[in-house]
Novice: 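My structure is below; once you've seen it, I'll send some questions.
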There are 2 protein chains.
Amino acid sequence: MITKETSRRLDPEKVIDSALAIADDEGPAAVSFRKLAALHDVTPMALYRHFKDKEDLLAALGDRILADVVVPEPSDKRWDKQLHALLTGFVTVLRAHPRLADLTLPRILVAEPGLALSERALELLTEGGFTTDDAAEVGRQSICSLIALVTTDPIALEVSDPEAREASLRRKRAALSSLSPQRYPLITSAAGALICPSSRDRYYDLGIDLVVAGIRGVLDQER
Amino acid sequence: MITKETSRRLDPEKVIDSALAIADDEGPAAVSFRKLAALHDVTPMALYRHFKDKEDLLAALGDRILADVVVPEPSDKRWDKQLHALLTGFVTVLRAHPRLADLTLPRILVAEPGLALSERALELLTEGGFTTDDAAEVGRQSICSLIALVTTDPIALEVSDPEAREASLRRKRAALSSLSPQRYPLITSAAGALICPSSRDRYYDLGIDLVVAGIRGVLDQER
DNA sequence: ACCTGAACACCGTTCAAGT
DNA sequence: ACCTGAACACCGTTCAAGT
C-alpha cells in the first residue's frame, strides 16, 4: 500500500518503503522523486539529501530486496543439492518483487546478504570441482539466468492490472493462432505452453533445474 | 552514426535506422520521438503516423534486430550439437546490440525470423525427447537466459563511453578489494573474474554451454 | 493522407537561498 | 544540517487544425 507520510523529519527508510510499493505496483519507471516528495510532504529536492540521484534510489531498492536473502546452513547433502537449495531461496526472494528482480544484480556484490550468498555459492562450486575463477563465472551467469527467470515470469507480470494482463494474453494467443500450422506445426501446437506455462511452481522448478543441471553438465564435460 | 535526414517524405525505415543508432549508443531510454523528429526535420507528432506509441517504436527495433537471425540448415549432427549452433547464431545476432537484446524477447513469436528460430528449436528439442509442451517451456527459458547473457555482458556495456566504463570497473574493484578476506575468502580471491571475465569469447561460450548442458541434464533426469 | 502547433501532464537535476 | 523555490532542459501524448 502507498500511504501518505505525515511525520516531521524525512526518514529515508520510509521513502524506500514508498518507492518499493510504487515500483512493485507500477514498475521502477513509475518511481519518481516528485511523487515520493508529495507522498512525504516535502519538496523533491529534499530527497537529494538522502539519495544522490535516481540510480542511487533504485540501488537502495535492490538492497532492500536482497535484505530478505537467507543462506541455508551447510549440510551433509551433495554440493549440487545444496546449491539448488541456495538458488531456490534466492529465487523465492526475487519472486516477491517480479518487476524489480533486475535491481538486485548490480547490488549482489555490494549488499551484505548478496555477498553472503555469493561466497556460499562459490564455496559449493569449488567443492564441486570448479577452479575459483570458473566458479566465479559460472556463479555469475547462474545468478543472471535466475534473475531473468523472475523478470520474464509470464504469469506474474502485471498482476496489479489483471485486465491488461488478460488483454495481453489474448493478443498473443490470437497472434499465434493466426499462424500457418503447415509452416509452424510445433509453435501452433505448443501455443498454450509458449504463451503461459501451466503452473507457476513448475515454471520455477524447471528454471532452477536447468541452471543447476547446466552447471553439473559443464563440470562433467570439462574433465 | 546518427545523421540528419533531409528527404521530403518521412520514411519509417529511416526513422528506425536513427532510433537503432541512438539506442545502440545511449540505450533505449535515450530514444525519443522529439529527438527523432528533429533528426528528420519533422514535428514529433508526425511520427505517430507510423508508430502507435513508444512501445511500438521499440518493438520495431526488436524486429529489426531479429531480421538478422539465420537458421542453419538441418545436418546429420546430434540434435544437441545442432541446437548449440542455432543458439550460438542467435547470440551472435544479439551481440551486435548488447543494450538492446531485451527488445527481442516480446518479438520472438511475432517477427518471422524469430518464429523460424523458435520452430527449429522446438523441432530439435522434440527430436531430443521432450514433449511439445516441455520443449516450449525449455526453449522459452533458454532464450531468456541467452538474452540475459548478452544484456549483462560485463565487457560490452558502455563501449561508447570508455571512461565511464573504466570508472565503473575501478569502483567495483575498489569495493571488492575493501572486503575482508577472512569473511569472504573466495569472493576476494576471485575478484578479477567476478568483475570482468578474462575473455569475451570464453564468456559467451560458457554461457551457451551452460544452457545446452542444462537442457541435456533435465532431459536425462526426467527419464 | 500527412503534417503542424499548441498544450497538458509529467520527468531528473542544478543553483541559490532560506532556517 | 536540512529543506525550499524557481528554473532548465527534457519527456510522451492528446487535440484541433491545416494542406
Side-chain angles (χ1 to χ4, degrees), chain A residues 2 4-62 99-100 102-103 106 158 160-161 164 167, chain B residues 2 4-62 99-100 102-103 106 158 160-161 164 167:
Chain A
I2 303 158
K4 192 149 179 175
E5 280 302 322
T6 48
S7 56
R8 325 218 74 91
R9 286 269 168 272
L10 188 56
D11 180 351
E13 288 305 314
K14 296 197 171 178
V15 174
I16 298 176
D17 290 341
S18 312
L20 190 63
I22 294 171
D24 277 334
D25 277 14
E26 310 167 55
V31 175
S32 80
F33 278 41
R34 297 176 116 106
K35 241 184 265 180
L36 291 171
L39 233 36
H40 291 262
D41 279 311
V42 107
T43 278
M45 286 317 300
L47 298 173
Y48 281 82
R49 284 287 133 191
H50 306 100
F51 306 100
K52 190 179 145 284
D53 50 23
K54 192 171 178 181
E55 190 186 343
D56 192 44
L57 174 63
L58 294 180
L61 291 189
R99 314 181 71 162
L100 276 39
D102 280 331
L103 300 179
E158 303 168 275
S160 54
D161 193 347
Chain B
I2 303 158
K4 193 151 178 175
E5 280 301 323
T6 48
S7 58
R8 326 219 74 92
R9 286 269 168 274
L10 188 56
D11 180 349
E13 289 303 315
K14 295 196 171 176
V15 174
I16 299 176
D17 289 343
S18 312
L20 190 63
I22 295 171
D24 277 334
D25 277 13
E26 310 168 54
V31 175
S32 80
F33 277 42
R34 297 176 116 106
K35 242 184 263 178
L36 290 172
L39 233 36
H40 291 262
D41 279 311
V42 109
T43 278
M45 286 317 299
L47 298 173
Y48 281 82
R49 285 286 134 190
H50 304 101
F51 306 99
K52 190 178 146 282
D53 52 22
K54 191 171 179 182
E55 190 186 343
D56 192 44
L57 174 63
L58 294 180
L61 291 189
R99 314 180 73 161
L100 277 36
D102 280 331
L103 300 180
E158 304 168 273
S160 54
D161 194 347

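Letters A, B, ... mirror the listed sequences (proteins, then strands); counts begin at 1.
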Novice: How long is the straight-line distance from CZ of R34(A) back to CG of L39(A), given to the nearest 0.5 Å?
Specialist: 15.0 Å
Novice: Restricting to non-hydrogen atoms, name the atom on D56(A) and the atom on F51(A) that form the minimum distance, rounded to 0.1 Å.
Specialist: OD2-CA, 3.4 Å
Novice: Please report, rounded to the nearest Å, how far the C1' atom of dC3(C) is from the CG atom of L36(B).
Specialist: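 Interatomic distance, CG of L36(B) to C1' of dC3(C): 16 Å.
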Novice: Quickly work out the L57(A) CG to dC11(C) P distance and round it to whole Å.
Specialist: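 It is 13 Å, rounded to the nearest whole Å.
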Novice: Roughly, in whole Å, what's the span from CZ in R34(A) to P in dC10(C)?
Specialist: 10 Å
Novice: Whole Å only: how far is the CG atom of D41(B) from the C1' atom of dT4(C)?
Specialist: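 Going from D41(B) (CG) to dT4(C) (C1'), I get 14 Å.
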Novice: Using the P atom as the reference point in each nucleotide, state the distance between dA9(C) and dA9(D) in Å, no decimals.
Specialist: 23 Å
Novice: With the side chain of H50(A) defined as its heavy atoms from C-beta on, choose the nearest nucleotide among dT13(C), dG12(D), dC3(D).
Specialist: dC3(D)
Novice: Please determine, for the side chain of R49(A), which listed nucleotide (dT13(C), dC3(C), dC3(D)) has the closest atom?
Specialist: dC3(D)
Novice: Select from T43(B) and F33(A) the residue whose nearest nucleotide in DNA chain C is closer to the 5' end of that strand.
Specialist: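 That would be T43(B).
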Novice: Given atom CZ of F51(A) and atom C1' of dT13(C), what is their separation to the nearest angstrom?
Specialist: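 Whole-Å distance recorded here is 16 Å.
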Novice: If only side-chain N and O atoms of Y48(A) are considered, is one of them under 4.0 Å from the OP1 or OP2 phosphate oxygen of dT14(C)?
Specialist: no
Novice: Is the closest side-chain heavy-atom distance between L47(B) and L10(B) below 4.5 Å?
Specialist: yes
Novice: In whole Å, I'd like the distance from the CG atom of L10(B) to the P atom of dC3(C).
Specialist: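 In whole Å, dC3(C) P and L10(B) CG are 5 Å from each other.
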Novice: Consider the side chain of A46(A), meaning its heavy atoms from C-beta on, and name the nucleotide among dT13(C), dC3(D), dT14(C) that approaches it most closely.
Specialist: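 Nearest to the side-chain atoms of A46(A), counting from C-beta on, is dC3(D).
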Novice: Are the side chain of K54(B) and the backbone of V31(B) linked by a donor-acceptor contact shorter than 3.5 Å?
Specialist: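 Side chain of K54(B) to backbone of V31(B): a pair is present.
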Novice: List the atom of K35(A), the atom of I22(A), and the distance in Å for their closest heavy-atom pair.
Specialist: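 Result for this residue pair: CD-CD1, 4.5 Å.
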Novice: Between dG12(C), dG12(D), dA6(C), which one does the side chain of M45(B) approach most closely?
Specialist: dA6(C)
Novice: To check you understand the geometry: which heavy-atom pair defines the closest contact between A60(A) and I16(A), and what is its length?
Specialist: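 Distance-wise, the nearest heavy atoms are CB-CD1, 3.7 Å.
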Novice: Classify the nucleic acid contact of K35(B) as base, sugar-phosphate or nothing, counting any heavy atom under 4.0 Å across all strands shown.
Specialist: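 Sugar-phosphate, backbone atoms only, no base.
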Novice: Does the side chain of D11(A) reach to within under 4.5 Å of the side chain of D17(A), using non-hydrogen atoms?
Specialist: no
Novice: Tell me the stems DNA chain D sits in, counting at least three consecutive Watson-Crick or G-U wobble pairs, each under 3.5 Å on both distances.
Specialist: C:4-8 with D:12-16, C:12-16 with D:4-8
Novice: Would you mind reading off the distance between E26(A) atom CD and dC10(C) atom C1', rounded to a whole angstrom?
Specialist: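 My rounded result for the distance is 13 Å.
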Novice: Mind calculating the distance between NZ (K54(B)) and C1' (dT14(D)) to the nearest angstrom?
Specialist: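 Roughly 18 Å, once rounded to whole Å.
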